[in-house]
Amino acid sequence: AGQQIIGFGLCPEDQESLYIFTSSGSISKWNWSSGKRIAHWETTCTAVSTSLASVGKEGSTTATSFSVISQRDGKRQILINKLEDNKIQGTTVLETSQKINSIKVTHDGRVIIASDGKHLFMGTTTSAELENLETVQYAWREATLPVNVTCFDIQAQGSESIDLAVGESGGSILMYQNVLNVLFGKD
């Protein structure tokens, strides 16, 4: 009650589990076929958007949320939280004055794409960096878009390529293929 759902995702390791994220920072894990809640975490953050990925070495991965957080001073943060059994471990990977309002993650958390409506922000890191969230660092790139973006989605094409679909306020859909190299490959 009194909370707005801002995101959801099937658990990458267990397709029977569904994560639900709310604007108040609440995260719930449910068994969607039985309707029973499995786990629940509370944060003190005001969340704007979230995406889910499986992070870790093969055989010992952890569901991890990537969230856009709104701060009291108007800035936005991108926060990574490992969703472990009884605790939530998190770290900030970006802080900006841009009003980022949506986020997508792919390649097991190695690539983050976020938008504020006029810009795309892409952060990349390595699998080795993600093993320790306390010290993980992303290399960030920013691109200004020719339209006002209302929504976007990404699709991984192999291990090193991402396609991006951008919906704009006039109703058009722009397609960018291989954004890792084409859109963000230049300084």
Side-chain angles (χ1 to χ4, degrees), residues 2-10 12 18-27 43-55 64-81 90-125 130 136-187:
Q3 297 185 43
Q4 180 181 8
I5 294 174
I6 61 162
F8 60 89
L10 288 175
L18 174 70
Y19 287 88
I20 299 175
F21 305 91
T22 69
S23 57
S24 67
S26 171
I27 304 168
T43 68
T44 58
C45 304
T46 301
V48 176
S49 179
T50 192
S51 188
L52 187 67
S54 179
V55 174
T64 304
S65 69
F66 294 75
S67 302
V68 176
I69 305 300
S70 178
Q71 296 178 304
R72 287 188 174 92
D73 63 3
K75 291 185 177 182
R76 300 282 167 104
Q77 288 181 329
I78 293 182
L79 183 67
I80 302 175
N81 286 309
T91 190
T92 299
V93 294
L94 178 68
E95 184 173 294
T96 181
S97 58
Q98 301 287 347
K99 302 293 184 211
I100 295 173
N101 56 24
S102 57
I103 187 171
K104 303 285 183 186
V105 179
T106 188
H107 289 79
D108 298 329
R110 291 182 291 123
V111 178
I112 300 171
I113 297 181
S115 176
D116 68 354
K118 289 301 280 178
H119 305 91
L120 285 177
F121 305 88
M122 185 180 74
T124 57
T125 192
L130 276 171
V136 67
Q137 291 188 348
Y138 282 78
W140 290 96
R141 303 271 187 168
E142 179 181 344
T144 302
L145 295 170
V147 295
N148 187 27
V149 175
T150 57
C151 60
F152 73 94
D153 203 0
I154 57 177
Q155 181 176 5
Q157 299 291 341
S159 63
E160 295 301 321
S161 180
I162 297 172
D163 292 344
L164 171 70
V166 176
E168 60 99 7
S169 57
S172 297
I173 298 173
L174 304 175
M175 298 294 297
Y176 295 97
Q177 294 180 331
N178 194 10
V179 294
L180 287 175
N181 296 317
V182 176
L183 192 59
F184 291 100
K186 301 174 182 156
D187 288 337

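What's counted below: heavy atoms across the whole structure, side chains too, no hydrogens, waters or symmetry copies.
- Around CG of Leu174, the count of heavy atoms belonging to other residues, nucleotides or ligands within 6.0 Å exceeds 12.
- With a 4.5 Å cut-off on side-chain heavy atoms, Leu145 and Lys118 do not count as touching.
- Other residues, nucleotides and ligands place no more than 12 heavy atoms under 6.0 Å from the NZ atom of Lys75.
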message: Before you tell me yes or no, could you show the steps for Ser65 and Phe21 under side chain to side chain contact (heavy atoms under 4.5 Å, CB included), namely the whole-Å CA-CA distance, both residues' side-chain angles and the distance that decides it to 0.1 Å?
response: CA-CA 9 Å; Ser65 69; Phe21 305 91; 3.6 Å; yes
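- Between Ile154 atom CD1 and Ser51 atom OG the span is 7.0 Å, to the nearest 0.5 Å.
- Scanning all heavy atoms of the two residues, the minimum distance from Phe152 to Ser102 falls at CE2-OG, 3.0 Å.
- When all heavy atoms are compared, the tightest approach of Thr43 to Gly25 is OG1-O, 2.9 Å.
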task: List the steps and the verdict of side chain to side chain contact (heavy atoms under 4.5 Å, CB included) for Leu180 and Met122.
output: CA-CA 9 Å; Leu180 287 175; Met122 185 180 74; 3.4 Å; yes
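- Taken from OG in Ser97 to CD in Gln71, the straight-line distance is 11.0 Å, to the nearest 0.5 Å.
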- request: Assess whether side chain to side chain contact (heavy atoms under 4.5 Å, CB included) is satisfied between Leu130 and Asp108, documenting all intermediate values.
  value: CA-CA 9 Å; Leu130 276 171; Asp108 298 329; 5.9 Å; no
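- Between His119 and Phe121, the ring-plane angle classifies as tilted under the 30° and 60° cut-offs.
- Between Ala156 and Thr106, the shortest heavy-atom contact is CB-OG1, 3.5 Å.
- When atom types are taken as modelled, the side chain of Glu168 and the backbone of Ser172 share a donor-acceptor pair closer than 3.5 angstrom.
- Using a distance-only test at 3.5 Å, with no hydrogens or angles considered, no donor-acceptor pair links the side chain of Thr125 to the main chain of Arg110.
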message: Go through it in stages, so that I can follow the logic: the residues are Thr22 and Ile6, the test is side chain to side chain contact (heavy atoms under 4.5 Å, CB included), and I'd like the CA-CA distance, side-chain angles, deciding distance and then a yes or no.
response: CA-CA 5 Å; Thr22 69; Ile6 61 162; 5.7 Å; no
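- Looking at residues two or more places apart in sequence or on another chain, you find a ring pair (Phe, Tyr, Trp, His ring centres under 6.0 Å) between Tyr138 and Trp140.
- Here the OG atom belonging to Ser49 is positioned 10.0 Å from the CZ atom belonging to Arg76, to the nearest 0.5 angstrom.
- The minimum heavy-atom distance linking Val48 with Ser70 is given by the pair CG2-CB, 3.9 Å.
- One finds the OH atom of Tyr19 at 8.5 Å from the OG1 atom of Thr64 (value rounded to the nearest 0.5 Å).
- Of the possible donor and acceptor atoms, one in the side chain of Lys99 sits under 3.5 Å from a partner among the backbone N and O of Gly74.
- Considering only heavy atoms from C-beta on, Asn81 stays 4.5 Å or farther from Thr91 through its side chain.
- Of all non-hydrogen atoms in Ala53 and Val105, the two that sit nearest each other are CB-CG1, 4.0 Å.
- A distance of 9.5 Å separates OG1 of Thr124 from CD1 of Ile112, quoted to the nearest 0.5 Å.
- Between the side chain of Asp163 and the main chain of Asn178, a donor-acceptor pair closer than 3.5 Å is present.
- From Ile113, atom CD1 reaches atom CD1 of Ile162 across 5.0 Å, with rounding to the nearest 0.5 Å.
- Heavy-atom minimum distance, Ile173 versus Ala165: CG2-CB, 4.5 Å.
- No donor-acceptor pair under 3.5 Å is formed between the side chain of Thr92 and the backbone N or O of Leu94.
- Annotation for Leu10: atom CG counts as buried by contact number, over 12 foreign heavy atoms lying within 6.0 Å.
- In this structure, Ser115 contributes its side chain and Gly117 its backbone to a donor-acceptor pair below 3.5 Å.
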